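We use all heavy atoms of the structure for the numbers below, so side chains are in, but hydrogens, waters and symmetry mates are not. Naming: A, B, ... by sequence-line order, numbering from 1 per chain. A quick note: this is a predicted structure, and the numbers were derived from the prediction, not measured.
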Number of protein chains: 2
Amino acid sequence: MNLKQLSESLGLSQTTVSRALNGYPEVSEATRKRVQDAAHRHNYRPNTRARSLATGRAHMIGHVIPISTRHEMMNPVFSDFIAGAGEAYAKAGYDMTLSIVPDDAEDATYRSLAQKKTVDGIVIHGPRANERRIKLLQDLDLPFVVHGRASAEDSDYSWVDVNNRRAFSRATELLLDLGHRRIALVNGLEDMDFAIRRRQGYEKALRERGLAADPALGASDEMTEHYGYDTARRMLAGHTPPTAFLVSSLISAIGVRRALEEADLKMGRDVSVITHDDELSYLGNGKDVPIFTATRSSVREAGRIAANTLLELIEDPARTPRHHLLEAELMLGRSTGPAPQES
Amino acid sequence: MNLKQLSESLGLSQTTVSRALNGYPEVSEATRKRVQDAAHRHNYRPNTRARSLATGRAHMIGHVIPISTRHEMMNPVFSDFIAGAGEAYAKAGYDMTLSIVPDDAEDATYRSLAQKKTVDGIVIHGPRANERRIKLLQDLDLPFVVHGRASAEDSDYSWVDVNNRRAFSRATELLLDLGHRRIALVNGLEDMDFAIRRRQGYEKALRERGLAADPALGASDEMTEHYGYDTARRMLAGHTPPTAFLVSSLISAIGVRRALEEADLKMGRDVSVITHDDELSYLGNGKDVPIFTATRSSVREAGRIAANTLLELIEDPARTPRHHLLEAELMLGRSTGPAPQES
DNA sequence: GAGAGGTGTCAAAGCGCTTTGGAAACGTAG
DNA sequence: CTACGTTTCCAAAGCGCTTTGACACCTCTC
């Protein structure tokens, strides 16, 4: 059933039916009612393609997920972010498309999205410090918001991000307060912006106590469970093993825990661990008392905020960029304790 | 730049330009070359909305993810599935849209997707044993493929699934061969089809050795880390604690491991664990020797297959439904060993 | 030298909707 | 009874593409 058929069946013009359905005032309440009933009865819904061709609005948001060609890794954080964003879109009557893009084919994808007019706006995931995509989208004149930031970019753009620097400096300070001096940083890939900021936070806290980061206690890679395990194992076997680990993801922290157990070290007593926790729905960090002491910030909530920000931007393209800096909570759990006495 | 402008700039009609670009034979190679060059120079790409209005094909696949209203849980498996499917779509020039749908609003979503003609086909995720969506989509005449199956559905439809029954009966047999008799099943939600099948496999293997499943050793819930932990803890505290766990997801298995460690039980010696492993990219199960003995099947590969199956179906709607039953490998890891002697 | 058969190109219709610019119908006021 | 708003509706244009049917123009062939 399409508009034409519907209007014929009602003995009205397409114009009137369209107006009645879209809430325009130039149609009498009686007619509107009659039209709505018929539409509902026939389960009529306007064809999106025709509608967006006519209005110029696709009612569609694109999410572009770079997939590292090296590891074929999907960022696990992404699914919860999407869940939050999807919720916001549904409320606003928008749909969402996903482009999984190998990071060497990015430019083409964006240009094509813009040219093909499939979407009204874009969410950028996983920004690197030096992020070409921002400039590109500005040139293409397509509204967008970044989940995260790009330190090296100095133009103004909309973003939603966690205060990674502050979160990690606070976590480091806590470990220092507990007497730890050899603190390992098990970080994400350090071409990623968030990882750089976390390192900065970590180093700042150390520096303020007159300490320098020991390069042997720093690691950086894709945040898998296995990476956490390997790294912890290697560092613990070194000749100045750390007494504490600061980990960039709960998944890697689980790997660190595995390494500790294997080495018969008790987490929270022999070795302390703090991790960042994105509050992924399937990976809860304990119920009453958290397993891991953690800097916590809901990525799902970030998704919701990013979506709404983008929708506003589309509504009013003249609007100046918006920024949302989310503060991470520092949740005390059972994985931290005073540094063991040197013996 | 649109078709009209492009054709004017070339001094050709829109028809010729369109045909040249779409590879029709009625245009001379010289002209085609000239058109392609110009298109490339102007970075021309046809407007999707107009194109699909004209052709009737959206070049778009919908993925509908039910989100449990109870736990607001995103199935973690989903992101890897999507990665696999996305790859296949990209190759075929298709896009993908996502609908995150609370499970009480499903019917409406499907009807709407069909009516609005946003997509050419649909992938159904997370089928329950009794799955209304299949009947619904058949009625709506929208091509679809199911990731998983619906036991209670007796019409024929396309699906891609793991042989869950066989996988779990093999795993159970292995545990029985190792001398285990009290084997716990830490399963997913048992209104989910895959969970039912896994239980069937488990019970079949027990039955064949003249054993019955002990209800005290069965659990069923959303497969979080915490659920694994809680369940294992509770069962281990019972008066006939299991000597082995059969777990439906690696994430929950990590929770089980945590409970074991907390109870000072060594996994693989005191208690054996077998888990199902979907090969999620960020959750590798060890590198050389797997941590967990596992029934393994790549969900990413499943995504790829599902996508291609659906594309074939769209290409030729008359085609009979296709079925892909993937066999899970049983990978021996370090989490299984002979049952401890009764003392 | 005319008809047959290709080849290369085009004008125009159509996809299903929204929206512009009227126009008919109906009061109401002068 | 005319004039003039209001209200209610409509015909037609337009969004950017594909595709149908037709038309020149060439090249053969007999």
Side-chain angles (χ1 to χ4, degrees), chain A residues 1-36 38-39 42-60 93-95 112-120, chain B residues 1-39 42-60 93-95 112-120 142:
Chain A
M1 172 74 60
N2 60 23
L3 223 210
K4 192 171 173 198
Q5 292 160 2
L6 181 62
S7 58
E8 274 167 7
S9 86
L10 280 162
L12 289 170
S13 77
Q14 300 190 34
T15 311
T16 306
V17 175
S18 171
R19 306 217 114 138
L21 258 22
N22 291 319
Y24 282 73
E26 328 51 351
V27 46
S28 74
E29 275 315 311
T31 318
R32 188 190 305 281
K33 183 88 176 55
R34 201 159 68 87
V35 170
Q36 280 173 339
H42 293 105
N43 194 31
Y44 169 76
R45 250 170 225 115
N47 179 316
T48 344
R49 327 208 260 241
R51 161 180 247 168
S52 38
L53 183 55
T55 58
R57 316 272 255 86
H59 280 266
M60 189 83 102
Y94 274 69
D95 286 328
S112 148
L113 275 174
Q115 263 289 322
K116 297 198 304 185
K117 307 268 185 202
T118 355
V119 299
D120 296 331
Chain B
M1 170 75 59
N2 59 23
L3 224 209
K4 194 172 172 197
Q5 293 160 0
L6 181 61
S7 58
E8 275 166 6
S9 86
L10 280 163
L12 287 170
S13 76
Q14 299 191 34
T15 311
T16 306
V17 176
S18 170
R19 307 216 112 137
L21 257 23
N22 292 318
Y24 282 73
E26 315 71 337
V27 45
S28 74
E29 277 314 312
T31 317
R32 188 191 305 284
K33 183 84 177 56
R34 199 159 70 89
V35 171
Q36 281 172 340
D37 284 357
H42 293 106
N43 195 28
Y44 168 77
R45 253 168 222 119
N47 179 317
T48 343
R49 327 209 262 240
R51 162 180 243 169
S52 36
L53 184 56
T55 57
R57 317 273 256 83
H59 279 266
M60 187 84 101
Y94 274 69
D95 285 328
S112 147
L113 275 175
Q115 263 289 322
K116 297 197 306 185
K117 308 265 183 201
T118 356
V119 299
D120 295 331
L142 193 60

Answer yes or no: is there a side-chain heavy-atom contact under 4.5 Å between Q14(A) and S7(A)?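 SC-SC contact between Q14(A) and S7(A) confirmed.
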Is there, by distance only and without an angle test, a donor paired with an acceptor across the side chain of T15(B) and the base of dT19(D) below 3.5 Å?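 By the distance-only test, yes, there is a pair.
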Verify side-chain contact (heavy atoms from CB on, under 4.5 Å) between N43(B) and Q115(A), making sure each step is shown before the conclusion. CA-CA 8 Å; N43(B) 195 28; Q115(A) 263 289 322; 4.1 Å; yes
Distance alone, cut at 3.5 Å: any donor-acceptor contact between the side chains of [X] and [Y]?
X	Y	result
T31(B)	S28(B)	yes
R57(B)	Y94(B)	yes
N22(B)	R51(B)	yes

Please report, rounded to the nearest Å, how far the [atom2] atom of [N] is from the [atom1] atom of [X].
X	N	atom1	atom2	answer
L6(A)	dC10(D)	CG	P	13 Å
N2(B)	dG14(D)	CG	P	14 Å
R34(B)	dG8(C)	CZ	P	14 Å
Q5(A)	dC15(C)	CD	P	11 Å
L12(A)	dC9(D)	CG	P	7 Å
Q14(B)	dG21(D)	CD	P	19 Å
L3(A)	dG14(C)	CG	P	18 Å
N22(A)	dC17(C)	CG	C1'	10 Å

For a quick test of reading the model: is some side-chain N or O of [X] closer than 4.0 Å to OP1 or OP2 of [N]?
X	N	result
Y24(A)	dT18(C)	no
S52(A)	dC17(C)	no
T16(B)	dC10(C)	yes
Y44(A)	dG16(C)	no

Need to verify one output field. Residue with the more 5' nearest nucleotide on DNA chain C, L53(B) or R32(B)?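 By nearest-heavy-atom nucleotide position, the 5'-most residue is R32(B).
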Regarding S18(B), tell me which of base, sugar-phosphate or nothing describes its non-hydrogen contacts under 4.0 Å with the strands shown.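 Answer is base: heavy atoms of S18(B) come under 4.0 Å of a base.
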Per [X] side chain, nearest of listed nucleotides [options]:
X	options	answer
R19(B)	dC17(D), dC10(C), dA11(D)	dC10(C)
S13(B)	dC10(C), dT18(D), dC9(D)	dC10(C)
T31(B)	dT18(C), dT9(C), dT18(D)	dT9(C)

